[in-house]
Amino acid sequence: VGATFESMGTVPDRLAASVNRLLGRPIAGFDPGEFQIAVGTERDLAGIGGFDLVVVADADGLLLGQDFRASEEALRVLARLGNMVGKGSGRRLMVQTSLPESDLIATLRSGDPIPYLERQLALRASQGMPPARDMMAVELRGLQDPAEITEMLMSLQGAIVLGPARSDRGFRWLLQGDLSRTRLQLRTAVQTWRDRGLSVRIDADPIDL
């Protein structure tokens with residue numbers, strides 16, 4: 001939820017105190033008559049900017065995400081926050097993290113994302129991840145025994161099948177490889193499963209693995 005601090009009582013003072021503790025010096029303060037101060041989530045970023053100081057609290061939540069796109073998503077969000085900093089000397093982006101030497105934070109400091117993204121592409125290729133290879137998740141709910149489905153998926157041409165993994169939502173398989181023919185073969189199978197009363201979800205190039 002985004003809001004201006006003018007309507008939030010002691011929040012500005014608490015933020016200034018936190019910044020001062022991080023810096024080890026009492027240099028941050030709040031003057032509601034002079035500065036624009038705002039707090040919010042990612043959806044509040046559009047259309048605002050020109051700040052003297054932008055603070056990212058606990059960037060590790062982004063840096064340590066579990067899906068295979070976590071690092072590039074973190075870079076995207078942090079770069080957007082960096083772009084909110086106004087032009088001129090003395091203005092800065094402050095990032096709270098326990099991983100200051102990480103590749104992503106070093107990239108953020110340098111301002112050049114291309115070498116980092118090239119390393120990410122090479123890493124994904126070595127792990128069989130998109131865009132180097134296709135990936136698809138197949139999830140079925142209402143299934144009692146996954147053995148039959150596993151056997152059918154293993155028969156698909158061009159697919160490396162991982163799973164099933166069981167969750168409270170049902171069973172899930174991950175397919176990797178060249179899946180152009182796999183997608184065509186799955187159409188008939190998916191309709192058959194749905195005719196049996198099963199709930200089927202196909203997630204191409206899934207973010208949540």
With [X] via side-chain contact (heavy atoms from CB on, under 4.5 Å) - residues at least two apart:
X	answer
Leu117	Leu75, Pro113
Arg119	Asp103, Thr107, Pro115, Tyr116
Arg91	Asp52, Val85
Leu121	Pro131

Mind checking what makes side chain to side chain donor-acceptor pair (under 3.5 Å) contact with [X], not counting sequence neighbours?
X	answer
Asp168	none
Ser126	none
Gln96	none
Arg141	Glu139

Task: Ser180 side chain to Asp178 side chain, donor-acceptor N/O pair below 3.5 angstrom - done: yes
Task: Any donor-acceptor pair under 3.5 Å from Asp60 side chain to Ser98 backbone - done: yes
Open item on the list: Using the side-chain contact (heavy atoms from CB on, under 4.5 Å) definition, which of the options Thr97, Leu93, Leu108 pairs with Val56?
Closed with: Leu93
Open item on the list: For the CZ atom of Arg172 and the CZ atom of Arg166, what is their distance to the nearest 0.5 Å?
Closed with: 15.5 Å
Task: Separation between CD1 of Ile160 and CG of Leu162, rounded to the nearest 0.5 Å - done: 7.5 Å
Open item on the list: Using every non-hydrogen atom in the two residues, find where Leu175 and Leu179 come nearest and quote the distance to one decimal.
Closed with: O-CD1, 3.7 Å
Task: Minimum heavy-atom distance between Val95 and Ala59, given as atom pair plus value - done: CG1-CB, 3.5 Å
Task: Hydrophobic cluster partners of Ile114 (side-chain heavy atoms under 4.5 Å) - done: none
Open item on the list: According to salt bridge (Lys or Arg N to Asp or Glu O under 4.0 Å), does anything in residues 124-136 pair up with another residue at least two apart or in another chain? List the pairs.
Closed with: Glu72-Arg124, Asp134-Arg183
Task: Residue list, salt bridge (charged side-chain N to carboxylate O under 4.0 Å, His left out) with Arg194, at least two apart or on another chain - done: none
Donor-acceptor contacts, no H, no angles, side chain residues 147-159, under 3.5 Å, sequence neighbours left out:
from: Glu148; atom 1: OE2; to: Arg196; atom 2: NH1; distance (Å): 3.3
from: Thr150; atom 1: OG1; to: Pro146; atom 2: O; distance (Å): 3.1
from: Thr150; atom 1: OG1; to: Trp173; atom 2: NE1; distance (Å): 2.9
from: Ser155; atom 1: OG; to: Met152; atom 2: O; distance (Å): 2.5
from: Gln157; atom 1: OE1; to: Arg181; atom 2: NH1; distance (Å): 3.0

